[in-house]
Amino acid sequence: DGRVTSRPRTPNDRFVTMARTLPALLLCVLAALVRVASAEVYFEERFDAAWADRWLKSDWHVSDGTAGDFTRTAGKWHVSD
């Protein structure tokens with residue numbers, strides 16, 4: 001006849017397949033987490049007391065009066081305790 005026959009799949013087959021692939025999946029997830037945790041920071045800005053000394057203020061819209069200023073606010077909506 002030449003046909004290939006296979007046995008019906010059982011719930012146990014699914015468990016065996018999962019048991020084989022789960023360690024590899026966990027290893028990949030662990031490797032990705034280690035890679036993210038050990039990432040190097042190339043650019044970083046700290047807004048401490050001297051942040052304005054490191055930034056350059058633009059003069060682009062000063063002549064027409066639409067230039068803004070760097071100000072520190074509580075935001076549009078704030079809660080006072």
Side-chain angles (χ1 to χ4, degrees):
D1 188 0
R3 285 189 276 165
V4 177
T5 60
S6 63
R7 63 183 176 85
R9 296 198 72 140
T10 64
N12 192 30
D13 292 340
R14 181 175 288 157
F15 175 76
V16 170
T17 303
M18 186 175 67
R20 288 181 185 157
T21 59
L22 189 60
L25 178 65
L26 290 176
L27 183 64
C28 289
V29 168
L30 180 65
L33 289 175
V34 166
R35 179 72 177 154
V36 168
S38 65
E40 184 175 347
V41 176
Y42 292 103
F43 300 103
E44 180 180 13
E45 179 59 60
R46 296 184 185 265
F47 291 97
D48 53 5
W51 71 269
D53 298 335
R54 296 188 300 265
W55 283 61
L56 177 67
K57 186 175 178 183
S58 175
D59 295 331
W60 182 36
H61 284 284
V62 172
S63 62
D64 61 2
T66 59
D69 289 326
F70 287 121
T71 58
R72 185 175 181 184
T73 67
K76 191 171 182 179
W77 296 281
H78 64 278
V79 177
S80 59
D81 292 332

What residues, two or more places apart in sequence or in another chain, satisfy side chain to side chain donor-acceptor pair (under 3.5 Å) together with T66?
H61, D64

Identify each donor-acceptor pair in which a side-chain atom of residues 15-30 lies under 3.5 Å from a protein atom, sequence neighbours left out, and give them as a table.
residue, atom, partner, partner atom, Å
T17, OG1, D13, O, 3.0
T21, OG1, T17, O, 3.2
T21, OG1, M18, O, 3.4

Considering only Ile, Leu, Val, Met, Phe, Trp and Tyr, and joining two whenever side-chain heavy atoms are under 4.5 Å apart, list the other residues clustered with V36.
none

Side chain to side chain donor-acceptor pair (under 3.5 Å) filter on R35, not counting sequence neighbours, yields none

Side-chain polar contacts of residues 43-51 - donor-acceptor pairs under 3.5 angstrom, sequence neighbours left out - could you list them?
residue, atom, partner, partner atom, Å
E44, OE2, R46, NH2, 2.9
E45, OE2, R54, NE, 3.3
E45, OE2, R54, NH2, 2.8
D48, OD1, A50, N, 3.4
D48, OD1, R54, NH1, 3.4
D48, OD1, R54, NH2, 3.2

